[in-house]
Amino acid sequence: MTEEEPKVRIKSLYKIFGDTPKVALSHVQAGMSKSELLEQKGHVLGLRDINLDIPGRKIQVIMGLSGSGKSTLIRHLNRLIEPTSGEIWVDGEDVLAMNDKALRDLRRFRMSMVFQKFGLLPHRTVQENVEYGLGIQDVDQGEAAERAKKWIDRVGLAGFEGHYPGQLSGGMQQRVGLARALATDAEILLMDEAFSALDPLIRTDMQTILLELQEELHKTIIFITHDLDEALRIGDRIAILRDGEIIQASDPQDILMNPADAYITDFIKDVNRAKVVRMRSIMGPAAPAQGAPVAVSDTIEEALQKLHAAPDGCCPVMAGDEIRGTVGIDAAIQALKAPAAAGAHYS
Amino acid sequence: MLDFLSEFPSLGRRDLSALRQWIDEGFRTFSRAYGEQLEAFFNPLLRFLVWFQDLLTDAPWPLVILAIAALTWFGARSWKITGGTIVAFLLIGIFDMWEDTMATLAMISVATVLCIAIGIPLGILMARWDRAQSVITPILDVMQTIPSFVYLIPVVMLLGIGKVPGLLAVCIYAIPPIVRLTNLGIRLVDREVMEAAEAFGASYRQKLWGVQIPLALPNIFAGVNQTIMMALSMVVIASMIGVQGLGVPVLRAISNQYLALGLMNGLAIVALAIIFDRVSQTYGKRLQAYRETGRD
Ligand SMILES: Nc1ncnc2c1ncn2[C@@H]1O[C@H](COP(=O)(O)OP(=O)(O)OP(=O)(O)O)[C@@H](O)[C@H]1O
Ligand SMILES: [Mg+2]
């Protein structure tokens, strides 16, 4: 895959919470761990040496357990949190070098955000909430109302314009949050556990809405979650954080097939692999096969029927009309088993 | 040695009286030098207060009751409160307390407006800078706890006896709640909502007027309410330094042991308090209809 210039680039970013973060930074750079830092120096290590290139027009998921630094990381991108050291670049522009005005413009026009607890303005109606970012952009009232209306319709809230957030269910409130973020037409969308507060069914709904919108809008979405299924469903790329460090950043299939260490192996062990592992991850080189063709993007579950029906247990793997490889039923069954050892390869 | 322990080693009587004299002299010189300027500074306020009081007392009483009833209706939108207000004012008139009540009403209204005009910006300042908070909070503590008679002394020395010193005394006593509750209300605004405003690039002003003040309104209104109540409770003390109104007959009643007179005027003050309280509370509630919806 040829990589273009990343939309967002994070370079050796550190964040330490405490009274003298600069002093603590030198200890961290000398190799002190998060727990040692807390015990011996009374500082909290938020992020350690984060390096991440986020491609444009894709969904980059950042995943990790509670306290791993996900919120801290995403808030650095629009500088709601100032780093202790490191660099952040957006469209080749140095975010940390921005003055107040430039930073505000970045937030007004180029990045918008969706929050876990919605962050809606309780004293404003749905319509007024969605207009909020436009008001700050100084868009005139008539146009703002029109644009807000359009996004309210898009997220399926037509008819609720005059309601207050307090009158809506959680799922509906988050649709307002999403519409508010989309209404500004910012190219980058930051979503901090945007769906985590919702019931499983509603959450799946919201994921579907997001994916449908993304198919058309092609925003650069940075999506935080602690839920692996969610990450695998929507992520084009996934970065996994632990104790403020990125342990693996890759595409979802690669993480499933080649977990970087025991922690990630453990992380992915409960996932339903039949639904997430795709043919392109398990196929071998093209070889004669008697089964019906399967697609590179088919999951094991989707392909299993054809694999089973194939007399030799092998099917050709196609991308469009082109044969890309061959997959055997043994490989498929093998892939259902979670990789046992760290760094194991299954290709 | 024992003497030293049983008797506190205080300053000698002579030193002490010299110290007091020095302070008093200093303040007198100050008030001689700046008293007139201060009076001139407060003159517009005095003129407004006099004008307002004359307006209330000179206007035909039915018109005044009508105006008050209209204001009550506008504020509370409740027939009960409006009706109660009309009855209260009719009774006040029947018991011959109309003029004093109008004087008190004028005084309290002006004092409240003044307290709001100064108090809310102060509260905003305190919410913005922790530094301001740590300076202003102890001052407010002193203003609320120091016996009012103590600050009546310098006020009277500076401005003499009359409406303006009375107004100042009332304001000193009544302003702390509005300042405190404005500060508190702003600080209590949900962090996530503030963060959202910030993330969308709102400026300080946009955050203040678009998010913080509207969401702090319940607390700000509680502050206004308390300020009015405290101002009313100063009516009698203010009348000691020459403020006309319901406090004057109460004072007379105290010194002459006129029980009925004291009671009637006292009840008139209570009636004003209840009206102000109900109207400002229901108005405050109406401003945030969005809260009525159950969820948050
Ligand atoms: N303002 C702060 N002061 C001190 N420590 C902080 C602060 N903010 C975050 N931390 C610490 O930084 C670490 C990362 O926190 P962060 O909120 O980024 O985690 P998270 O991955 O978003 O967790 P969650 O899933 O619970 O939201 C935690 O150890 C947290 O205690
Ligand atoms: Mg978080």
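Below 4.5 Å, heavy atoms of chain A meet heavy atoms from B:Glu192, B:Val193, B:Glu195, B:Ala196, B:Ala197, B:Glu198, all part of residues 183-198 of chain B. Identified by a heavy-atom distance below 4.5 Å to chain B, the contributing residues of residues 72-96 of chain A are A:Arg75, A:Asn78, A:Leu80, in residue-number order.
A 6.0 Å sphere centred on CD of B:Gln53 holds more than 12 heavy atoms belonging to other residues, nucleotides or ligands. Within a 6.0 Å sphere centred on NZ of A:Lys70, other residues, nucleotides and ligands contribute more than 12 heavy atoms. Summarising the local packing, CG of A:Asp19 is surrounded by 12 or fewer heavy atoms from other residues, nucleotides or ligands at distances under 6.0 Å. Heavy atoms of other residues, nucleotides or ligands lying less than 6.0 angstrom from CD of A:Glu146 number 12 at most. Shown here is A:Asp140, whose CG atom has more than 12 heavy atoms of other residues, nucleotides or ligands within 6.0 Å. Surrounding CZ of B:Phe41 are at most 12 heavy atoms belonging to other residues, nucleotides or ligands under 6.0 Å away. Residue-environment remark: OH (B:Tyr283) stays at or below the threshold of 12 foreign heavy atoms within 6.0 Å.
A:His123 places no side-chain N or O within 3.5 Å of a backbone atom of B:Val211 that could act as its donor or acceptor partner.
Residue contact with chain B, scored on non-hydrogen atoms closer than 4.5 Å, involves the side chain of A:Tyr132 exclusively. Only the backbone of A:Leu120 comes within less than 4.5 Å of a heavy atom of chain B; no side-chain atom from C-beta onward does. When heavy atoms are compared at a cutoff of 4.5 Å, A:Phe109 does not approach chain B at all.
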Candidate pair A:Arg180 and B:Phe200, rule side-chain contact (heavy atoms from CB on, under 4.5 Å), full reasoning: CA-CA 10 Å; A:Arg180 174 175 69 176; B:Phe200 279 91; 3.5 Å; yes
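Closest of all the heavy-atom pairs between A:Arg104 and B:Gly201 is NH1-O, 2.8 Å.
Considering OG of B:Ser203 and CZ of A:Arg108, their distance stands at 8.5 Å, rounded to 0.5 Å.
When the candidates A:His163, A:Arg124, A:Arg107, A:Gln116 are compared by the number of heavy-atom contacts under 4.5 Å with chain B, A:Arg107 comes out ahead.
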